[in-house]
Amino acid sequence: MKRCEVCHQLTDNGDQRCPRCGSPFPYNPRLSLFSETRIFLILLVLGLVAWRVYESLPLLPPDPAVCSQTSFNRFKKIVVRAHTDATNILAENYISSANLSKIMTLKREAEALPVPACLEAAKEDFVAYMEALYYSAVLSAWNGYESATLYVESAANYLNALNAHLDEVKACLPDCP
């Protein structure tokens with residue numbers, strides 16, 4: 001920030017004239033290059049790039065040896081990301097075979113996920129949830145909307161059971177059986 005010598009108003013370093021009285025500021029190359037607005041925009045862009053890189057990193061699997069808060073949080077993040085990816089696919093107007101294979105890939109990744117013993121019931125509900133979403137997408141792709149509602153209802157039931165199991169595990173951490 002710099003102060004006008006005529007009216008004593010504070011202005012941005014990048015301003016060439018005072019916004020109040022219009023008097024010109026002397027040129028100072030050290031101040032003009034680094035205005036607060038430019039610094040803010042650069043920090044904003046760097047923050048967005050860092051956030052995008054962080055979101056694109058693959059999630060670490062939970063540690064199957066111990067039931068800890070870290071394993072619980074990692075499993076929950078994997079569930080949330082898979083749920084978001086699957087529901088984004090289901091929200092499209094046209095469900096292609098490539099989209100169906102993405103949902104099946106999410107299900108297979110859920111089956112192969114190593115989890116501690118305390119999260120085993122939640123993993124089973126997660127796999128069943130992904131399978132119900134897959135079959136509802138298959139039926140929706142073939143215009144079987146009425147029969148797909150049964151799978152959507154069962155997917156909702158599996159999701160509720162998954163959340164219930166996660167709540168039980170969260171309540172007993174770190175001494176879960």
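Index from 1, following the sequence. Please read all numbers here as calculations on a predicted model, not as lab measurements.
A donor-acceptor pair is defined here as one N or O able to donate and one able to accept, closer than 3.5 Å; no such pair exists between the side chain of Lys102 and the backbone of Ala86. Here the side chain of Arg3 pairs no donor or acceptor atom with the backbone of Leu10 at under 3.5 angstrom. In terms of modelled atom types and a separation under 3.5 Å, the side chain of Thr84 and the main chain of Val80 share a donor-acceptor contact. The backbone N or O of Leu133 sits less than 3.5 Å from a side-chain atom of Ser136, completing a donor-acceptor pair.
Between Thr70 and Arg74, the closest side-chain pair of non-hydrogen atoms falls below 4.5 Å. The shortest side-chain heavy-atom distance between Phe75 and Leu113 falls under the 4.5 Å cut-off.
For Phe72, the CZ atom counts as densely surrounded, since its 6.0 Å shell holds more than 12 non-hydrogen atoms of other residues, nucleotides or ligands. Counting non-hydrogen atoms of other residues, nucleotides and ligands closer than 6.0 Å to CZ of Arg81 gives a total above 12.
Cluster annotation: Val152 is not connected to Val138 through the hydrophobic network of ILVMFWY side chains, with a link wherever side-chain heavy atoms come within less than 4.5 Å.
The minimum heavy-atom distance linking Ile95 with Ala137 is given by the pair CD1-O, 4.1 Å. Ser23 and Val6 get closest at one heavy-atom pair: OG-CG2, 3.8 Å. Across Tyr94 and Asn99, no two heavy atoms sit closer than the pair O-ND2, 3.7 Å.
Taking the six-membered ring where the residue is Trp, the centroids of His83 and Phe126 are separated by 6.0 Å or more.
Every residue meeting the salt bridge (Lys or Arg N to Asp or Glu O under 4.0 Å) condition with Lys107, not counting sequence neighbours, appears here in chain and number order: Glu111.
Judged by distance alone, the side chains of Glu153 and Asn157 never bring a donor and an acceptor atom under 3.5 Å apart.
Taken to the nearest 0.5 Å, the CG atom of Asp85 stands 8.0 Å off from the CE atom of Met130.
Cysteines Cys4 and Cys18: SG-SG separation is not under 2.5 Å.
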